Q: 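Below: one structure in structure tokens.
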Amino acid sequence: MWRRAASLSSLIFSSSQPLRDQQGAYSLKAWKFFCADSSKGAGYFSKEKNLFITFVLGGPGSGKGTQCAKIVENFGYTHLSAGELLRREIASNSEDGAMLLDTIKEGKIVPSEVTVKLIQKEMESCGNCKFLIDGFPRNEENRIAFEQIIGAEPNNVLFFDCPEEEMIKRVLSRNEGRVDDNIDTIRKRLKVFAASHHPVIEHYSKKGKLYKIDAIGTEDEIFERVRPVFAACEGAQ
Ligand SMILES: Nc1ncnc2c1ncn2[C@@H]1O[C@H](COP(=O)(O)OP(=O)(O)O)[C@@H](O)[C@H]1O
Ligand SMILES: Nc1ccn([C@@H]2O[C@H](COP(=O)(O)OP(=O)(O)O)[C@@H](O)[C@H]2O)c(=O)n1
Ligand SMILES: [Mg+2]
């Protein structure tokens with residue numbers, strides 16, 4: 001079941017989904033308690049209850065990174081972009097660098113263990129317990145590897161729903177010097193996305209964790225669709 005994030009009333013207080021929204025709010029209260037309780041102690045990361053995780057999904061150029069920056073600014077999450085972690089790994093001349101670069105240029109998905117280990121390292125070294133994990137999981141293998149290695153599931157999942165032509169337009173004008181921001185790679189990436197994202201979305205939809213966001217509009221308009229998801233968790237409504 002999709003959870004459309006079109007407006008506060010239809011999203012958070014939808015009569016068809018009140019229970020899950022209450023649970024979301026309670027989850028964050030529990031998180032605040034455990035986070036405060038364990039912030040001085042060792043091994044806090046391994047306690048699943050300490051983490052409050054949102055996966056941020058959507059095709060290439062759908063606006064994940066742009067909206068994550070706004071969520072960080074407004075709600076104090078730590079933003080972990082899987083693609084950015086992989087690019088950093090390449091830049092650090094790691095032994096996997098050549099394989100990672102080739103995979104990214106081809107628009108394919110890197111073996112999950114590599115990506116999850118990079119995410120894990122960042123999560124463990126970060127004092128924050130609230131994470132936005134952007135561009136992950138991109139397929140079922142990613143999803144299962146995260147659950148197995150990290151031992152946690154996301155509390156919420158955002159999915160930015162954007163037409164292909166708009167994604168192509170945005171990626172080609174992104175201008176960040178990325179090796180994959182070219183028409184050949186973007187076409188390959190869109191095929192990979194079309195072939196692999198549905199099972200992940202369906203999985204979280206069935207669990208009542210999915211918020212589908214219409215990604216067409218200005219950046220600010222889209223953030224106003226995103227804001228209620230996080231405001232509800234903060235108990236600020
Ligand atoms: N709502 C929007 N309308 C137009 N352009 C956008 C919008 N949101 C983001 N962009 C631009 O589109 C490009 C891709 O956005 P980005 O956040 O990097 O997407 P993603 O992380 O999903 O690939 C960037 O150049 C960004 O500035
Ligand atoms: N979970 C992930 C995320 C990214 N990647 C790789 O990194 C590339 C760039 O990912 P990204 O999230 O930075 O891309 P955008 O969707 O932001 O354009 C992807 O096309 C994949 O090659 C991956 O293999 N596995
Ligand atoms: Mg991005």
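None of these values were measured; they are calculated from a predicted model.
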Q: So if you build clusters from Ile, Leu, Val, Met, Phe, Trp, Tyr with side-chain heavy-atom gaps below 4.5 Å, do Val157 and Ile144 land together?
A: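 Looking at the clustering, Ile144 is in a separate group from Val157.
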Q: When hydrophobic residues are tied together by side-chain contacts of less than 4.5 Å, even through go-betweens, does Ile133 share a cluster with Ile201?
A: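 Ile133 and Ile201: one cluster.
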Q: Would you indicate whether Glu176, at its atom CD, is surrounded by more than 12 heavy atoms from other residues, nucleotides or ligands within a distance under 6.0 Å?
A: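 Atom CD in Glu176 is packed in, count exceeds 12.
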Q: Do the ring centers of Tyr77 and Phe230 come within less than 6.0 Å of each other?
A: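 Ring centres of Phe230 and Tyr77 closer than 6.0 Å.
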Q: Taking side chain as C-beta onward, heavy atoms only, is Ile71 less than 4.5 Å from Phe223?
A: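 Side chain of Ile71 against side chain of Phe223, heavy atoms only: contact under 4.5 Å found.
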Q: For Thr185 and Glu106, which heavy atoms make the closest approach, and how far apart are they?
A: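 Smallest interatomic distance, heavy atoms only, reads CG2-C, 4.5 Å.
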Q: Looking at Glu84 and Arg88, is any side-chain nitrogen of the basic one under 4.0 Å from a carboxylate oxygen of the acidic one?
A: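 Here Arg88 does not pair with Glu84 in a salt bridge, since their nearest N and O are not under 4.0 Å apart.
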Q: Donor-acceptor check, side chain of Glu141 to backbone of Ser112, threshold 3.5 angstrom: yes or no?
A: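 Answer holds: yes.
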Q: Let me confirm one number: the NE2-OG distance from His198 to Ser205, rounded to the nearest 0.5 Å.
A: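 One gets 12.5 Å once the value is rounded to the nearest 0.5 Å.
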Q: Taking everything shown except Glu113 itself, do over 12 heavy atoms lie less than 6.0 Å from its CD?
A: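 Check fails, neighbour count at 12 or below.
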Q: For Thr218, is there any backbone N or O sitting under 3.5 Å from a side-chain donor or acceptor partner on Glu221?
A: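 Yes.
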Q: Just do the side chain to side chain contact (heavy atoms under 4.5 Å, CB included) check on Asp214 and Phe160 with the steps written out, would you?
A: CA-CA 6 Å; Asp214 176 3; Phe160 289 102; over 6 Å; no
Q: Using every non-hydrogen atom in the two residues, find where Arg138 and Gly58 come nearest and quote the distance to one decimal.
A: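 Shortest heavy-atom separation between Arg138 and Gly58 comes out as NH2-O, 4.4 Å.
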Q: What's the separation between atom CD1 in Ile119 and atom CG in Asp134, rounded to the nearest 0.5 Å?
A: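 These two atoms lie 9.5 Å from each other.
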Q: Under 6.0 Å between the ring centres of Phe159 and His197?
A: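 Judged by ring-centre distance (under 6.0 Å), Phe159 and His197 do meet the cut-off.
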Q: Do Phe146 and Phe136 pass the ring-ring contact (aromatic ring centres under 6.0 Å, His included) test, and can you show the C-alpha distance, the side-chain angles, and the key distance before you say yes or no?
A: CA-CA 9 Å; Phe146 185 92; Phe136 184 98; 5.7 Å; yes
Q: Could you state whether Phe193 and Leu172 fall into the same hydrophobic cluster, counting links through intermediate Ile, Leu, Val, Met, Phe, Trp or Tyr residues with side-chain heavy atoms under 4.5 angstrom apart?
A: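 Yes, Phe193 connects to Leu172 through the hydrophobic network.
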Q: Do you know which two heavy atoms are closest between Leu57 and Lys64, and how far apart they sit?
A: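 Closest pair (atom of Leu57, atom of Lys64, distance): C-CD, 3.6 Å.
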Q: Among Arg170, Arg189, Arg174, find the one that has a side chain to side chain donor-acceptor pair (under 3.5 Å) with Asp181.
A: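 The side chain to side chain donor-acceptor pair (under 3.5 Å) with Asp181 is passed solely by Arg174 among Arg170, Arg189, Arg174.
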Q: To the closest 0.5 Å, what do you measure between CG (Leu158) and OH (Tyr211)?
A: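 So the gap between those two atoms works out to 8.5 Å.
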Q: CG/Leu118 to CG/Leu80 distance, rounded to the nearest 0.5 angstrom?
A: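 Here the rounded value is 10.5 Å.
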Q: Regarding Arg143 and His203, is there a side-chain donor-to-acceptor distance under 3.5 Å anywhere?
A: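 Yes, because at least one side-chain N or O of Arg143 sits under 3.5 Å from a partner of the opposite role on His203.
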Q: Please determine if Lys209 forms a cation-pi arrangement with Tyr204, meaning its NZ or CZ atom is less than 6.0 Å from the six-membered ring centre and no more than 45° off the ring axis.
A: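 No, a cation-pi geometry is absent between Lys209 and Tyr204.
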Q: Run the side chain to side chain contact (heavy atoms under 4.5 Å, CB included) test on Ile168 and Leu190 for me, step by step, so that the C-alpha distance in whole Å, both residues' side-chain angles and the decisive distance to 0.1 Å come before the verdict.
A: CA-CA 9 Å; Ile168 293 171; Leu190 287 170; 3.5 Å; yes
Q: Where do Leu132 and Cys68 come nearest, in terms of heavy atoms and distance?
A: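 The pair with the smallest heavy-atom distance is CD1-O, 3.7 Å.
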Q: Looking at Lys188 and Asp180, does any basic side-chain N land under 4.0 Å from a carboxylate oxygen?
A: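 So Lys188 does not pair with Asp180 through a salt bridge.
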Q: Do the charged groups of Lys70 and Glu73 touch, with an N to O distance under 4.0 Å?
A: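 Looking at Glu73 together with Lys70, the answer is no, because their closest N to O distance does not fall below 4.0 Å.
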Q: Is any side-chain N of the basic residue among Glu234 and Lys130 closer than 4.0 Å to the acidic one's carboxylate O?
A: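 Yes, charged N to carboxylate O under 4.0 Å.
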Q: Determine the minimum heavy-atom distance between Val229 and Cys233, stating which atoms define it.
A: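 Reported closest heavy-atom pair: O-SG, 3.4 Å.
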Q: Please report the interatomic distance CD1(Ile109) to OG1(Thr103), rounded to the nearest 0.5 Å.
A: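 Ile109 CD1 to Thr103 OG1: 9.5 Å, rounded to 0.5 Å.
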Q: Can you hop from Ile90 to Val179 via hydrophobic side chains spaced under 4.5 Å?
A: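 The answer is yes; both residues are in one hydrophobic cluster.
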Q: Do other residues, nucleotides or ligands put more than 12 heavy atoms under 6.0 Å from the CZ atom of Arg187?
A: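 12 or below, so no.
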Q: To the closest 0.5 Å, what do you measure between CD1 (Ile222) and CZ (Arg225)?
A: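 Output value for this atom pair is 5.5 Å.
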Q: Do we see a donor-acceptor contact under 3.5 Å between the side chains of Thr78 and Asn128?
A: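 Distance-only check passes for Thr78 and Asn128.
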Q: For the residue pair Arg227 and Asn74, establish whether any side-chain heavy-atom pair is separated by less than 4.5 Å.
A: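 In contact.
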Q: Could you walk me through whether Glu89 and Ser94 satisfy the side chain to side chain donor-acceptor pair (under 3.5 Å) test, starting with their C-alpha distance in whole Å, then the side-chain angles of each, then the deciding distance to 0.1 Å, before giving a yes or no?
A: CA-CA 6 Å; Glu89 188 68 2; Ser94 87; 3.3 Å; yes
Q: Please determine whether residues Ile149 and Val110 belong to a single hydrophobic cluster, defined as Ile, Leu, Val, Met, Phe, Trp and Tyr linked transitively by side-chain heavy-atom distances below 4.5 Å.
A: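 Ile149 clusters together with Val110.
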Q: Please examine the side chains of Pro60 and Ile186, heavy atoms only from C-beta on, and report whether any two atoms are closer than 4.5 Å.
A: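 Sidechains of Pro60 and Ile186: in contact.
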Q: Which atoms form the tightest heavy-atom contact between Ala145 and Val116, and what is the distance?
A: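 Taking Ala145 first and Val116 second, the nearest heavy atoms are CB-CG2, 3.9 Å.
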Q: Begin from the C-alpha positions of Leu85 and Thr115 and carry the test side chain to side chain contact (heavy atoms under 4.5 Å, CB included) through to its verdict.
A: CA-CA 8 Å; Leu85 294 178; Thr115 315; over 6 Å; no
Q: Show, in sequence, the C-alpha distance, side-chain angles and deciding distance for Asp161 and Ile213, and conclude whether the side chain to side chain contact (heavy atoms under 4.5 Å, CB included) test is met.
A: CA-CA 6 Å; Asp161 185 30; Ile213 313 271; over 6 Å; no
